[in-house]
Amino acid sequence: MTYTEFLPSEYAKTVSEGKVTYRAPSNIALVKYWGKKEDQIPANPSISFTLDACATTTALTYSKLAEKGSGFSFELLFEGKDKPDFRPKIEAFFNRIESYLPFLKDYQLKIETSNSFPHSSGIASSASGMAALALCLMHIEKQLDPSINEEFFDQKASFLARLGSGSACRSIEGDLVQWGYHKGIPASSDLFAVKYPFPVHEVFHKYHDTILLVDKGQKQVSSTIGHNLMHGHPFAEQRFSQAHENITKLKEVFATGNLKGFIEVVESEALTLHAMMMTSMPYFILMKPNTLKIIQKIWQFRSTSKTHLCFTLDAGANVHVLYPQEEKEKAHQFIKDELVAYCENGQYICDRIGFGAKLLLP
Ligand code: DP6
């Protein structure tokens with residue numbers, strides 16, 4: 001697939017108004033996307049678990065304008081209230097995707113969005129938010145061109161979501177999703193994410209992710225700035241090849257259910273991501289003292305309990321604790337007894353692997 005396949009030709013139908021609602025989940029990368037080229041092309045492939053509880057629900061109401069606007073006409077409500085500070089991001093997104101959805105300026109749009117997780121949780125809502133909005137826009141395109149099939153619908157939604165926020169392209173489908181060209185993964189592409197195409201051992205079908213909210217404040221360095229610092233980074237090339245190798249390693253892990261191998265790749269990826277931040281110029285640290293305390297506790301617990309809890313991190317201080325379904329009771333007990341103390345106001349979110357975005361009744 002190339003860009004051009006997502007450029008529509010003349011639409012067969014016209015649509016005057018409607019409303020659509022999608023719920024799109026967040027995702028947690030096992031092999032991390034960190035570094036990108038022009039047009040949101042990732043510097044390396046990444047792979048993620050789609051989540052279930054952490055999600056954004058977006059309703060899009062659309063009505064055709066008497067004539068095409070010179071700009072985008074949209075109203076934006078976040079949890080029922082006007083959200084002027086989100087507008088520039090949406091405006092930039094619309095500008096990037098307009099050539100792929102040429103009807104955008106033909107409609108007055110009302111975007112009503114809300115997250116299932118607390119607003120100031122330090123959890124990025126851009127992945128689930130951009131995915132939900134991209135799906136709503138694809139719904140309009142499908143009204144205009146009913147010949148669009150399910151596969152193309154999801155692929156283009158992922159393609160559009162990527163242009164809003166890279167990791168958002170992994171929030172359309174579930175449960176294990178890969179984005180970025182990798183020679184061992186057929187149909188993998190830099191342009192959109194695909195469902196992991198090989199058999200996956202049952203231990204990974206019901207994986208859990210408990211998100212420990214270590215620091216709920218605004219990050220000092222945004223992901224976009226962090227990605228850019230990979231240009232000219234002294235370790236960039238080695239890091240990008242390592243991501244390819246780690247995806248190759250995960251293929252064996254997913255096929256066999258090798259949890260030791262899983263832990264090794266996932267924890268190393270998390271620490272490498274943060275090592276890249278610490279060795280950028282300017283350098284920065286997003287982990288907090290409690291992030292490290294939690295990591296140490298997890299290592300201690302794993303060695304004494306013979307369980308398979310492991311951690312991953314996104315671009316922030318929060319810790320994602322990953323574990324298989326069979327270890328749920330022990331993991332919950334350990335989290336309550338030993339880790340909650342390191343969370344801001346004792347807050348954490350119990351999530352698990354999920355199966356992708358859903359169309360809701362308007
Ligand atoms: C550390 O997708 O938030 O979570 O494309 O600039 O919007 P933009 O970045 P974003 O980066 C996510 C980085 C990460 C790793 C990952 O999700 O793969």
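Note that ligands are numbered from 1 as they come in the structure, with each ligand's atoms numbered from 1 the same way.
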Any idea which atoms of ligand 1 are less than 4.0 Å away from a heavy-atom of [X]?
{"X": "Gln40", "value": "5 (O)"}
{"X": "Ala29", "value": "16 (C), 17 (O), 18 (O)"}
{"X": "Ser223", "value": "3 (O), 9 (O), 11 (O)"}
{"X": "Ala315", "value": "1 (C)"}

Return yes or no for this condition: an N or O of [X] is under 3.5 Å from an N or O of ligand 1.
{"X": "Ser167", "value": "yes"}
{"X": "Asn27", "value": "no"}
{"X": "Gly166", "value": "yes"}
{"X": "Asp314", "value": "no"}
{"X": "Trp34", "value": "no"}

Q) Aromatic rings Tyr207 and Phe49: how do their planes relate, parallel, tilted or perpendicular, breaks at 30° and 60°? A)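 Answer is tilted, since the angle falls between 30° and 60°.
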
(Q) Does any part of the side chain of Phe334, heavy atoms only, come nearer than 4.5 Å to the side chain of Leu339, both counted from C-beta? (A)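 In short, these two side chains touch, coming nearer than 4.5 Å.
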
Q.
So Thr50 and Ser171, do their side chains get closer than 4.5 Å, heavy atoms only?
A.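 They are not in contact (no side-chain heavy atoms under 4.5 Å apart), so the answer is no.
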
Q. Any non-hydrogen atom of Lys36 lying under 4.0 Å from ligand 1?
A.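 Flag set, Lys36 near ligand 1.
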
**Q.** Whether Arg170 lies under 4.0 Å from ligand 1, heavy atom
**A.**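 It does; at least one heavy atom falls under 4.0 Å.
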
Q: Would you please indicate yes or no on a ring centroid separation below 6.0 angstrom for Trp179 and Phe192?
A: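 For Phe192 and Trp179, the ring centres are not under 6.0 Å apart.
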
Q | Ring centre gap for Phe262 and His308 strictly below 6.0 Å | A |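 For Phe262 and His308, the ring centres are not under 6.0 Å apart.
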
**Q.** Ile28 and ligand 1 - part of the residue with a heavy-atom distance under 4.0 Å
**A.**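 Within the 4.0 Å criterion, Ile28 makes no contact with ligand 1.
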
Q) Rounded to the nearest 0.5 Å, how far apart are CZ of Phe94 and CZ of Phe72? A)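 It is 7.5 Å, given to the nearest 0.5 Å.
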
**Q.** Distance (rounded to the nearest 0.5 Å) between Lys19 NZ and Ile140 CD1
**A.**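 Lys19 NZ to Ile140 CD1: 13.0 Å, rounded to 0.5 Å.
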
Q) Got more than 12 heavy atoms from elsewhere within 6.0 Å of OH, Tyr283? A)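 Open.
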
